[in-house]
Structure formats: structure tokens, C-alpha cells
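Presented below is the structure to which this report refers.
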Amino acid sequence: MITEKKAFTVNGYGMVAVLLLLQLVSAGMVVRGVVMVDSAAIVGWILASLVVAFCWHGLFLVAPNQGKVLQLFGKYVGTEHVTGLRWTNPLIFTRIPISLRVRNFESGKLKVNDANGNPIEIAAVVVWKVVDSAEAYFEVDDYESFVTIQSEAALRNVANEYPYDNHSDEVLSLRGDPAGIAGKIREQVQERLGKAGIEVIETRISHLAYAPEIAQAMLRKQQASAVLAARRLIVRGAVEMVTDAIRSLAESQELELDEERKANMVSNLLVVICGEQQAQPVINSGSLY
């Protein structure tokens, strides 16, 4: 695996001054050779002037949040991140710019099946950036396309692992735990993109819905599940209240109840607490029995 390393470069502004000086010196020596009619000196200084002129090719610019991947005859020799005008070996003709800026990618609406087999539509936003320019350029053919395909593949995989909705707190659901699901998506996307020198900064679900063909049916199912969960909670609370009431009466020792009376009281209290309509009071004008 090819990993990023520092390229050999020097300050370009200093090299401009040096090359200008060498260019002027070589030109002056050529003129001197012509005046002195020294053919060897003329040829030598003309060659030196050409070499200096070729050295100008070693200058290149690096923009902020950009890396320049340098190759010498096809061999990777390093990456330069220092911004401004730089100079390197003029034989390095290949200098590929790689953006290190933070980027956003939003997947299209993917139609997948959740853990329960229900068809859903899901989309996500992935925030990423290149952290290793050598891996991004040499390890994959097109790292931008790689991000797109692998992010959608990870999103499909996560959507298949979890249900769309779940009333239990023990299991994550796509709709009920967006932060937890976003973390799972980020982990899987990072695992896939790590080999391309890419860091995933953040992921979040941007769209989540049942597929149109089952949307109405699943809406009714959601409503029924919500009512059932609410009823279960009401009954649990009612049982606790009735238990506390009977325990308080038994501890006070002011009223003794046999098993039949306790059962009757439990039944009446549960009806009053769990009933949807307001209880109607009944005045007993006779005996308690």
C-alpha cells in the first residue's frame, strides 16, 4: 500500500531570485565569450543558460487545503502541503493536485428492505475529506466515485440490519434512534473508505420513509402499535397504583378486606384507571354488601 510522505521542495521565491541571478550571469558570460571570440566558452555558457532555463520548470504553486502529488517518471516521490510558491526537481513533470477540503455527499433515495423485510426509502449525508493524498490517488481509480458507491453500499447494509420502527428501547430503530444509526453508518462508511485515505467526519440520515406501496398500511400499523404500547404502560401503572392502595389499607389496619372484597376493589380500580371515559360515581345507600 502506498502511503503519503513528504516531498523534497524548497521555497519558490528564493529560487526565483537564484535562477534570475544565474540566468543573468550565464547571459553575461555568453556575451563575454563572444567579445573574446572564445568558442568553447560560448558553447559552455549557452549550455549552462539552457540548464538554468530548464530549472524554471521546477516552480509550482500549492493552494490552501491542497496537496500536490509528485511523480518522477511514474514513481511516487512525495506530497507537498506547504502553500505558496515551491520549487522541486525540474524533472518531476507530474504534479497532481488533490483537494483536502471538507466535502459533502448526499446519496440518492435508496429503496431497501429493513430488518423486518419492509420496503423503505432512505438517504444520508456523508461529510468527508482526504487525509492521505497518496492513498486517495494511487489505491483507488477514482476516489470521488469510490466515496459515492461505498457510502451507498454501507447505507444499504445498515438499513437492512435495523427495523424502521421499534417500541422496545433494547433494539435500535432507524426512526427512533437517528443519532445511534448515524454512528453505525459512519463506522461502516469509514471502514470502507479508510483504504482510500479518506476520513468520514459525520454522517446523518436526510430522508427516511416507508415505500409508497405500503405507506398507508404501515401508518395504520404504527398507530396500532403506539396505542398498544400506551395501553401496556397504562395497565402497568394502574396495577402499581392498585397494589399500593391495597397495601396501604392493609397497613393502616382500619379496614379489613377478605379476598373477595380485594378482588372486587381491584376490578373497580382498574376499570376506573384504565377506562377511556370518565367514571360515573355510584352512591350506595344500603349495606356495603
Side-chain angles (χ1 to χ4, degrees), residues 1-27 48-107 124-152 154 182-183 185-204 206:
M1 178 179 291
I2 301 177
T3 57
E4 184 177 286
K5 62 181 180 180
K6 182 73 171 63
F8 169 75
T9 65
V10 297
N11 189 297
Y13 301 103
M15 285 302 301
V16 168
V18 172
L19 292 176
L20 279 175
L21 179 61
L22 293 176
Q23 200 81 66
L24 291 174
V25 169
S26 59
S49 179
L50 291 176
V51 171
V52 173
F54 179 70
C55 287
W56 285 94
H57 182 262
L59 294 170
F60 65 97
L61 289 171
V62 180
N65 281 325
Q66 184 187 68
K68 282 290 181 71
V69 177
L70 308 182
Q71 290 179 263
L72 178 61
F73 303 124
K75 179 182 177 181
Y76 172 65
V77 295
T79 302
E80 182 56 65
H81 293 291
V82 180
T83 58
L85 184 64
R86 308 297 297 174
W87 184 88
T88 189
N89 185 347
L91 293 176
I92 298 177
F93 293 100
T94 306
R95 303 161 190 160
I96 300 97
I98 301 291
S99 175
L100 306 179
R101 299 181 179 91
V102 177
R103 312 189 203 183
N104 281 327
F105 160 71
E106 183 174 9
S107 69
V125 174
V126 179
V127 183
W128 61 279
K129 68 175 182 178
V130 174
V131 293
D132 191 309
S133 58
E135 287 186 348
Y137 186 75
F138 293 109
E139 294 298 329
V140 294
D141 186 49
D142 183 349
Y143 66 90
E144 293 183 350
S145 175
F146 189 75
V147 170
T148 300
I149 295 173
Q150 294 300 324
S151 297
E152 291 185 348
I185 296 173
R186 181 185 179 281
E187 291 176 3
Q188 292 209 18
V189 175
Q190 182 62 70
E191 182 180 355
R192 295 164 183 261
L193 299 184
K195 66 184 69 175
I198 294 170
E199 177 188 356
V200 180
I201 300 173
E202 179 189 3
T203 58
R204 57 185 179 274
S206 59

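Since the model is a prediction, treat every value here as computed from it, not as a measurement.
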Could you please spell out the steps behind the side chain to side chain contact (heavy atoms under 4.5 Å, CB included) verdict for L100 and Q66? CA-CA 5 Å; L100 306 179; Q66 184 187 68; 5.7 Å; no

Scan for salt bridge (charged side-chain N to carboxylate O under 4.0 Å, His left out) pairs involving residues 90-100, sequence neighbours excluded, and state none if there are none. none

Nearest 0.5 Å, please: how far is CZ in F8 from CG in N89? 8.5 Å

Out of curiosity, I92 CD1 to K75 NZ, how far, rounded to the nearest 0.5 Å? 11.0 Å

Under the rule for side-chain contact (heavy atoms from CB on, under 4.5 Å), what residues qualify as partners of K6, not counting sequence neighbours? T9, E80

Donor-acceptor pair, side chain of D132 and main chain of T3, under 3.5 angstrom: no

Check side-chain hydrogen bond (donor to acceptor under 3.5 Å, both in side chains) between S151 and all other residues, then give those that pass, not counting sequence neighbours. none

What are the two closest heavy atoms between I2 and E135, and how far apart are they? O-CG, 3.1 Å

Report the residues that fulfil side-chain contact (heavy atoms from CB on, under 4.5 Å) with I96, sequence neighbours left out, ordered by chain and then residue number. V69, Q71, T94, I98, Y137

V130 versus A136, closest heavy-atom pair with distance: CG1-CB, 3.8 Å

Name the atoms and distances for all side-chain donor-acceptor pairs under 3.5 Å in residues 188-200, with sequence neighbours left out.
unit_1, atom_1, unit_2, atom_2, d
Q188, OE1, N157, ND2, 2.7
Q190, OE1, V200, N, 2.7
Q190, NE2, I198, O, 3.0

Under the ring pair (Phe, Tyr, Trp, His ring centres under 6.0 Å) test, which residues partner F138, sequence neighbours left out? Y76

Pairing residues for F93 by the ring pair (Phe, Tyr, Trp, His ring centres under 6.0 Å) criterion, not counting sequence neighbours: H57

With E202, which residues qualify under side-chain hydrogen bond (donor to acceptor under 3.5 Å, both in side chains), at least two apart? R204

List the residues meeting side-chain hydrogen bond (donor to acceptor under 3.5 Å, both in side chains) with S206, not counting sequence neighbours, and say none if there are none. E106

Listed partners of R103 passing side-chain contact (heavy atoms from CB on, under 4.5 Å), at least two apart: S99, W128, Y143, E144

Just jot down the side-chain contact (heavy atoms from CB on, under 4.5 Å) partners of L85, sequence neighbours excluded, or say none. Y13, V16, L59, L61

Do V82 and V62 have side-chain heavy atoms sitting under 4.5 Å apart? no

If you look only at distance, which donor and acceptor atoms sit under 3.5 Å apart when one is on a side chain in residues 48-55 and the other is two or more places apart or in another chain?
unit_1, atom_1, unit_2, atom_2, d
S49, OG, Q23, NE2, 3.1

Do you know the tightest heavy-atom contact between P64 and R101? O-NH2, 3.5 Å

